[in-house]
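Chain letters run A, B, ... following the sequence lines, proteins first, then strands; residues in each count from 1. The figures here come from the full heavy-atom set of this structure, side chains too, leaving out hydrogens, waters and symmetry mates.
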2 protein chains.
Amino acid sequence: MTHCPTILQALRQRGYRITSQREMIIEIIAHSDRHLSAEEVFHRLREKTSASNLTTVYRTLEMLWVEGFARRNDLGEGRVVYAPLAHGPHLHLVCRSCNRVIEADHSLLAGAEHQLREHYGFQADLAHLNLFGVCQDCREG
Amino acid sequence: MTHCPTILQALRQRGYRITSQREMIIEIIAHSDRHLSAEEVFHRLREKTSASNLTTVYRTLEMLWVEGFARRNDLGEGRVVYAPLAHGPHLHLVCRSCNRVIEADHSLLAGAEHQLREHYGFQADLAHLNLFGVCQDCREG
DNA sequence: TCTCTAATTGCAAATCTTTGCAACTAAAAA
DNA sequence: TTTTTAGTTGCAAAGATTTGCAATTAGAGA
Ligand SMILES: [Mn+2]
Ligand SMILES: [Mn+2]
Ligand SMILES: [Zn+2]
Ligand SMILES: [Zn+2]
């Protein structure tokens, strides 16, 4: 029925129960080609079934993130979005002026990551970092 | 009466009006030696006067940030804190496990900042960046 | 000083998200 | 298959922050 048997199996093994709501939410996230907010996931869920509840969506997305089956990105100003793991590592350059998000190579932070580890013992997670600033268009325009 | 005449003058020149509420909020932020949440500013305000309202605190802090007279730091999970400009540039290493915040030298991102500018035309503001990860204690303990 | 006007305040209501809890149910055990 | 029980759901209520609006007021100008 589902297209994500691996995630479901893993969750079951960790003591979670697989409900139809969870299956559908996992489907939506896993096959999304872009970041989705809880609200957007909820709307897509509604198109499939009436058994959909925003509270459950919030809880399921949080759980998927905690368990390592979804990415979570806090864009600030209360904008939290989720993406599938397939959405590989990269930086988000968020323009404070036009709100556009440019995706950038995250390897340019490899040096910084190493230094943080060396000097502060801090294991930073920079694979999906958001950086705020002003994009070229907004600076020139 | 106030100890921050410069900020008040500048605000007046920009068309803002100086109310006693604003003066007190500016005092609290400008003389704070650490980051404060809106709630914390509100509590400090209450100690001074009964003429204090949480809505006004939210609006004033936002205004001070927009006008460049306060720093604003979104630590994620809805934790937004404000600091005076005197709180110089540095990184915040936020531990996802114990929630502690380590302050780190921001110059170790100078290279990355330059590359973002060169390759993406993006003028990143990295002077008060929050980086999430796991601190040494949490990794060892 | 007095008048006038647009900015500000504080309340209430609206939003967005989280939390408590009783009813329900997945799935392990009998 | 039936029983059991601990995890899950969905509602309602609580929190946190923002917004609309009428009353108030800072500060410019007469
Ligand atoms: Mn992305
Ligand atoms: Mn700091
Ligand atoms: Zn832009
Ligand atoms: Zn820690």
Side-chain angles (χ1 to χ4, degrees), chain A residues 1-2 4-5 7-28 36-43 45-46 48-67 69-70 72-82 99, chain B residues 1-2 4-5 7-26 28 35-43 45-46 48-67 69-70 72-82 99:
Chain A
M1 202 63 59
T2 177
C4 308
I7 295 180
L8 299 184
Q9 282 308 319
L11 288 176
R12 238 188 293 258
Q13 275 173 22
R14 298 183 199 182
Y16 291 96
R17 292 179 182 178
I18 307 308
T19 64
S20 61
Q21 290 95 330
R22 281 187 176 164
E23 279 196 37
M24 287 186 283
I25 293 171
I26 289 170
E27 280 291 293
I28 289 167
L36 298 176
S37 67
E39 197 77 28
E40 287 173 314
V41 171
F42 175 65
H43 284 313
L45 193 57
R46 282 226 121 158
K48 296 185 172 192
T49 174
S50 61
S52 66
N53 176 281
L54 189 52
T55 300
T56 301
V57 171
Y58 276 113
R59 283 196 277 227
T60 302
L61 291 175
E62 165 88 10
M63 181 272 283
L64 289 174
W65 174 62
V66 167
E67 294 301 329
F69 295 115
R72 170 170 162 154
N73 225 296
D74 190 333
L75 296 170
E77 332 257 307
R79 293 170 300 169
V80 177
V81 292
Y82 293 84
N99 269 314
Chain B
M1 205 63 57
T2 178
C4 309
I7 296 180
L8 299 183
Q9 283 307 321
L11 287 176
R12 239 188 292 258
Q13 275 173 21
R14 297 181 201 183
Y16 291 96
R17 290 178 183 180
I18 306 308
T19 63
S20 61
Q21 289 94 328
R22 280 186 176 165
E23 279 195 39
M24 287 186 283
I25 293 170
I26 289 169
I28 289 167
H35 299 225
L36 297 176
S37 67
E39 196 77 26
E40 287 173 313
V41 171
F42 175 65
H43 284 314
L45 192 56
R46 283 225 118 160
K48 296 186 172 192
T49 175
S50 60
S52 67
N53 177 280
L54 189 50
T55 301
T56 301
V57 171
Y58 276 113
R59 284 195 277 227
T60 302
L61 291 175
E62 163 88 10
M63 180 273 281
L64 289 174
W65 175 62
V66 167
E67 294 300 329
F69 295 116
R72 169 170 162 154
N73 225 295
D74 188 334
L75 296 170
E77 332 258 307
R79 292 170 299 169
V80 176
V81 292
Y82 293 83
N99 271 314

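- Straight-line distance from the CD atom of A:Gln13 to the C1' atom of C:dA27: 14 Å, rounded to whole Å.
- Nearest approach of B:Ile25 to B:Thr56, heavy atoms of both residues: CD1-O, 4.3 Å.
- If you take CZ of B:Arg14 and P of C:dA7, they are 16 Å apart, rounded to a whole angstrom.
- Spacing between atom CG of A:Leu64 and atom P of D:dT8 amounts to 11 Å, rounded to whole angstrom units.
- Residue A:Thr60 is the one, among B:Glu39 and A:Thr60, whose nearest nucleotide of DNA chain D lies closer to the 5' end (criterion: closest heavy atom).
- If B:Leu54 and B:Thr19 are placed on DNA chain D by their nearest nucleotide, the residue sitting closer to the 5' end is B:Leu54.
- Within a 6.0 Å radius of CZ in A:Arg46, no more than 12 heavy atoms belonging to other residues, nucleotides or ligands are found.
- One cannot find a donor-acceptor pair under 3.5 Å joining the base of D:dA26 and the side-chain atoms of B:Arg12.
- Protein atom CD of B:Glu62 is 7 Å distant from nucleotide atom P of D:dT18, rounded to whole Å.
- A:Arg59 places its CZ atom 11 Å from the P atom of D:dC11, with the value rounded to the nearest Å.
- Look at CZ on A:Arg17: it is 5 Å from C1' on D:dA6, rounded to the nearest Å.
- Distances shorter than 4.0 Å separate some side-chain N or O of A:Thr56 from OP1 or OP2 on D:dG10.
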> Stepwise, does the side chain to side chain contact (heavy atoms under 4.5 Å, CB included) test hold for B:Glu62 with B:Arg72?
Replying inline: CA-CA 8 Å; B:Glu62 163 88 10; B:Arg72 169 170 162 154; 2.7 Å; yes
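- Proximity of A:Gln21 to A:Thr60: side-chain heavy atoms (C-beta onward) are nowhere separated by under 4.5 Å.
- Put simply, CD on A:Glu23 is 20 Å from P on D:dG7, counting in whole angstrom units.
- A sub-4.0 Å separation between OP1 or OP2 of D:dT17 and a side-chain N or O of B:Tyr58 is present.
- Computed from coordinates, the B:Ile26 CD1 to C:dT8 C1' distance equals 13 Å when rounded to whole Å.
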